[in-house]
Structures are given as C-alpha cells and as structure tokens.
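Here is the structure we will look at, set down as structure tokens.
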Amino acid sequence: MKKYQYDLRVADNVKVGTNTVLLTLSFDGKTFPDIVAGQFAELQAPSDKVLLRRPISIHDADPDNGLVSFLIQIVGEGSRSLAQAAIGQTVNAVLPLGNGFSYLTAHSVRPLLIGGGVGVAPLLLLGRRLSEYGVRPTFLFGARNAGALVRLDEFSRYGNIFVTTEDGSAGEKGFVTGHSLLLDSECFDRIYSCGPTPMMKAVAKWAMEHETPCEVSLEHKMACGIGACLCCVEDTADEGNVCVCKDGPVFPIERLKWLH
Amino acid sequence: MASLKTRIGSLELENPVMTASGTFGYGTEYADFMDISRLGAIIVKGTTLHRREGNPYPRMAETPQGMLNAVGLQNKGVDYFVDHIYPETQKIGCPIIVNVSGSCIDDYVETAGIINTLDGIPAIELNISCPNVRQGGMAFGVNPESAAQVVSAVRKAYDRTLIVKLSPNVTDITQIAKAVEGAGADSVSLINTMLGMAINAETRRPVLSTITGGMSGPAVKPVALRMVWQVAKAVSIPVIGLGGICCATDAIEFLLAGASAIEIGTANFIDPSVSEKVIDGINEYLDRHGFESVQDIVGGLITD
Ligand SMILES: Cc1cc2nc3c(=O)[nH]c(=O)nc-3n(C[C@H](O)[C@H](O)[C@H](O)COP(=O)(O)OP(=O)(O)OC[C@H]3O[C@@H](n4cnc5c(N)ncnc54)[C@H](O)[C@@H]3O)c2cc1C
Ligand SMILES: Cc1cc2nc3c(=O)[nH]c(=O)nc-3n(C[C@H](O)[C@H](O)[C@H](O)COP(=O)(O)O)c2cc1C
Ligand code: FES
C-alpha cells in the first residue's frame, strides 16, 4: 500500500472531551490514499520542542471531501501542540501506515469492538467500514469517567454502544471485561480492541478463554513509523521481535506472548 | 550545475549524501517518499554473523533535540542478508554499503569475508563501537590497539573499500583514527552514537530496557563536527561525517570541516525525504557560491 508524505491543512480542531481534541486535516485535492481501519499516521507536531513524529490512529476518513480526522488525547508536548494547531495551519503527515484490522478477510458477522480511553479512536473508522459491508458491530467502551467518553453520537451511527466507567458515572461501574454483555459469550464471533495494555491483556484473556478470535492494536513508542529503525518491537510467538509500526499495530492475540 | 562527485577509497559516489546505518532500513522503506536511487549510497542496517534478536522493548527515548536508542543490532544474520535482502538491494540503483558488526574478531572477519563475495556491494562500514565479549564487553573502538587489531584482521579478508566507523565515546578520537588508518582502513566515518541515559522521574525507572543507550540527532551535531574537523586534520584517508545532520547547511558544515561525504541518520525519521532535499541543497549552495565541484569546499573552513 503506497504511503504518502503531505503538508495537510487543519480544517477543524475542536475539543471533544476533558482532555481530548478532534483534529481534522484536509487533503485539498491531493491524492487520497486507500485507508484500512486500524492504520495510523505519523504527524509532525508543530512545536520546536518536539523532534520525532507522533503516531496517531486514523479516526475517520472521508475521501469525498478529502478529510481525515484524529482523536488526540493531550499527554505531553507533542499532543498538546497538535491540539493547539490553528485552522489554516499545516501539519506534515506520513500516512497510511501499518496493517489495520482484518475485517476485509475475517467475514465476521457479530463483531465486538472494545475501546479504552483514547483507544476508541480507530474503532470509528472500523465501524464505518463494517457498515459498508452490511455488518452492524457492538461497541463496548471503558473510560475513567463519563467526561472521558467521546464521540458517542458518531459511533452510534454504526452500532449499539455499551459503557463501563471506573467511577460508575456512566454505564456499568468497573472495567470492560466485567460488563454484563460478556456474560453471554456466544454473542460475538470476533473481538477488535484498542486501548491501554492492561485492558487489552484482560480482553485477550477473556477472548482466549471463550475461544473468540481477537485482534488488538498496540501503541508502542516509535521513531520512524515505517519499519526502518527497529525501535518499536513486540516479541511474537512466531517471529521473535517484529516492528509494531510495520507488522502491526494490529495483531491477532495468538501471535503475542501475552498469554503464554 | 556543479559536480557533486566524491571519492571514498576506490568507490566513486555520484554525490556525497549517504544514509546512516540503522536509520534507513534496507532503503526500500523510503521508496514511497523520495527517489532513493539518487543517493550517493545507502548504508544498510548493522549485519552480524548470526541472527540477533536485539534488546527488549523499550528501545527508544526522545530527548531534547535528540533521541536515545538501544536497538542492539537486531538483524537476521549475514546469510539471510545474502540470500534474501542483497538481491532486492541490487534493484535500487545506487551503491549499497553493508555495516558490519561483531562481538569478537573472528565474527567480524567471517562476516566481512562473506560480503567480500558479493560483487554488488562495493564497500563495508565496520562498526567498531560493538562490545568485545572476549574483553569484558569493552568496545573495540575505545582504544587504539583493539581498534587496529580488528581492522587489520578484516583488511586481510576484505578486498573492496573498507570504511571504519568510529565511536565518539573516547578521550582522543584522533588516536583511534590514526590507528585504524595504519591498520589499512580506506576511510573513517564518524560519529556513531554517544552513550547517554534517560530516567522517568514519575516511575523512578530508566526509560530504556538497557538503562543506557546511544544518543543521536541534532543535539550531538556540535560534538560530531568538532571530531570530524580534528580527525580530518590527523589522517590522510577520506573522512565521512555524520551526527545530527538535518539539512543541506548542516551537511555543508561537515564538508567544510573536512568530510568528503556525509551520512544522514535520525533526520530520516523526522522527514523521510530529507536526504533528497540535502542533495539539492548542496547543489544550490555550490551554484550560489560559484563553486564548480563539491571538492572545492571539502576542508574549506576559513580559520584566519
Ligand atoms: C499506532 C499508534 C496509534 C496511536 N493512536 C493514538 C490516537 O489515536 N490518539 C492519541 O491520543 N494517541 C495515540 N497514540 C499514542 C500517541 O502516539 C502518544 O500519546 C503521543 O506520542 C504522546 O506524545 P506527547 O509528545 O504528547 O507525549 P510525550 O511527552 O512523548 O509523553 C507523555 C507521556 O505519555 C507517555 N507516552 C508517550 N507515548 C506513548 C505511547 N505510545 N503509549 C503509551 N504511553 C505513551 C509517555 O511515557 C509520557 O509519560 C498512538 C500510538 C501508537 C503507537
Ligand atoms: C535507531 C538507530 C539504529 C542505529 N543502528 C546502527 C547500526 O546498526 N550500526 C551503526 O554503525 N550505527 C547505527 N546507528 C548510528 C547511526 O548510524 C549514526 O551513527 C548516529 O545515529 C549519528 O547520526 P545522526 O545523528 O544523524 O542519527 C543507529 C542509530 C539509530 C538512531
Ligand atoms: S518505529 Fe521505526 S521500526 Fe517501527
């Protein structure tokens, strides 16, 4: 899949949660790439203090209007400066990178999409893609509190949403793997998950125990994002250290050594 | 248009811009972003006799204007390179140089000997910053004797252009440079990464799995420039300069300090098409200053 390096214009940048923004970049007529849900972009943060690009999942893609959007949580200088990028300013982006979720070949009809925190980001494009195939997924989101749940209206266009919060301020109290939805393990034929590693490990454990195929999207620290530097490795059962940026970020859980 | 041609031993390069080992994969990773055939040369990933898994994750930390890495020479070994990667590199259209690493002299010699059989590889770059397992893990490149030993052993097994890449983690880099010149090196490249460290105060833990790592990027440039200048005066073989080069002006500074060619490393991560811009920028500089050849600025620093 061809990768592009573009200066993209900030079309919109709005706050959508306590600590999260929705950044929309415009291609302005440049060739719009084919994007698989789960792929990411390496964005150059507009700050003198930041050297390396920041990997950010592609949240949504609108080829007709030449727009791509990102859900960015502010955790440090890079994300802060991206969150403050003004409309009209340009952001240099390298995209689309990595391998996405396997929905094109998986033929899953009852998928469960589990997101934690800002890890919900790639699941919107995944919901859109699944709906294009006539599949209506179920979303299960975990967040610290109600204020950290974002873009629920958008997600609800593609499937039903269930929620857990750590403080009980929305949905069921607790973690995603404790949600009553999972009491009926026959309900789902595949799980796609993205979020904090402890959450994904718990999801992977549940999936393994209930023999449900499961893919997770890893968020390792990256330097190049294109498989050139070998900084972002994950140890796999079949091939040893592989690059998350190139072989991932999405992996079927049986490739990982998490449950061995 | 000025001539950008430069010479490293018996190897003639179309231009002085190469990409640094470990930062440019095997070249093809960057083919979507620039015309990689335009490069003076591509120096591929560090290659060892046997497959190496490298160090555990995390292997990278960003630091002010730089980064630390602890990749640990992950590669699939020289035989895999010969069978699977070498044929692909021959389609690229610019010289391919293999960076050779080892943990004892025999490993270096055997690896260099295997690469010597590949007609499409005109040069190797010997990474002597690797720890010598037979000498308590001290790097070959940190004293003149062990540096000369490994270079003269490899020289006997390798007929083509032999570049030796120097470590900056030494008291006097000119001593090492002179020692490897005496042992038969055709050229020296410098600098490799500088030993550094990063700590996460919140968790009270080191950021890298190996605690310390190699520092690169713009932050090391002044040190690299100083070392290139010192070494270029101390040896008569061509010097290749690198360390923090991010644009044509940086590259020209290294040429003025005495480098016959330069390598671009960390900057490839920031801008995957940077090396093509550096080639064009050097050309533009030479034209603007009325130089006919890049050779006119090599060592052209005015100090009076
Ligand atoms: C494939 C991929 C997709 C991603 N998608 C998104 C996304 O859609 N939205 C989003 O907000 N973030 C996403 N991230 C994480 C994002 O890249 C980091 O949050 C960002 O790089 C932090 O940069 P910074 O300069 O703001 O913070 P820094 O100053 O670099 O770091 C601030 C703090 O965050 C921690 N941190 C930094 N990077 C990571 C990481 N990769 N994983 C866990 N902790 C980290 C640091 O250890 C530090 O404590 C993704 C990461 C990857 C690898
Ligand atoms: C991720 C990474 C991997 C590297 N791997 C190697 C290697 O395998 N062999 C080697 O000789 N140098 C290696 N280096 C060092 C670079 O080739 C270069 O000497 C150094 O980064 C300084 O140049 P720069 O500041 O332009 O990056 C590596 C550097 C980085 C950042
Ligand atoms: S970030 Fe460089 S190989 Fe993945």
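Quantities reported herein were computed from a predicted structural model and do not represent experimental measurements. Residue numbers start from 1 in every chain, and the chains themselves are labelled A, B, ... in the order their sequence lines are given, proteins ahead of strands.
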Are more than 12 heavy atoms from other residues, nucleotides or ligands located less than 6.0 Å from atom CZ of A:F175? no
Atom NZ of B:K221 with >12 non-hydrogen neighbours under 6.0 angstrom: yes
Determine whether more than 12 heavy atoms belonging to other residues, nucleotides or ligands lie under 6.0 Å from atom CD of B:E276. yes
Suppose a student defines contact as a heavy atom less than 4.5 Å from any heavy atom of chain A. Which residues in residues 90-101 of chain B would they list? none
Applying a criterion of heavy atom separation less than 4.5 Å, what residues of residues 37-53 of chain A form contacts with chain B? A:Q44, A:D48, A:K49, A:V50, A:L51, A:L52, A:R53
Among residues 227-238 of chain A, which ones touch chain B with a heavy-atom distance under 4.5 Å? A:G227, A:A228, A:C229, A:L230, A:C231, A:C232, A:V233
Does anything in residues 25-32 of chain B reach chain A? List residues with heavy atoms under 4.5 Å apart, or say none. B:G25, B:E29, B:Y30, B:D32
Should the heavy atoms of other residues, nucleotides or ligands under 6.0 Å from NZ of B:K277 be counted, would the total exceed 12? yes
Measuring heavy-atom distances to chain A, does B:N268 have an atom under 4.5 Å in its side chain, in its backbone, in both, or in neither? neither
Quick check: are there more than 12 heavy atoms from other residues, nucleotides or ligands sitting under 6.0 Å from CD1 of A:I87? yes
Would you mind checking which part of B:R52 comes under 4.5 Å of any heavy atom in chain A, side chain (CB onward), backbone (N, CA, C, O), both or neither? neither
Closer than 3.5 angstrom, by distance alone: can the side chain of B:Y57 be matched with the main-chain N or O of A:K221 as a donor-acceptor pair? yes
What are the two closest heavy atoms between A:A223 and B:M60, and how far apart are they? N-CE, 4.0 Å
Check against side-chain contact (heavy atoms from CB on, under 4.5 Å), B:R59 and A:H220: CA-CA 10 Å; B:R59 293 177 169 184; A:H220 284 26; over 6 Å; no
Working to the nearest 0.5 Å, report the span between CG of A:N92 and CD1 of B:I270. 11.5 Å
Segment of B:P218 engaging chain A (4.5 angstrom heavy-atom cut-off): side chain
State, yes or no, whether a side-chain contact exists between A:V94 and B:P272 at a heavy-atom distance under 4.5 Å. yes
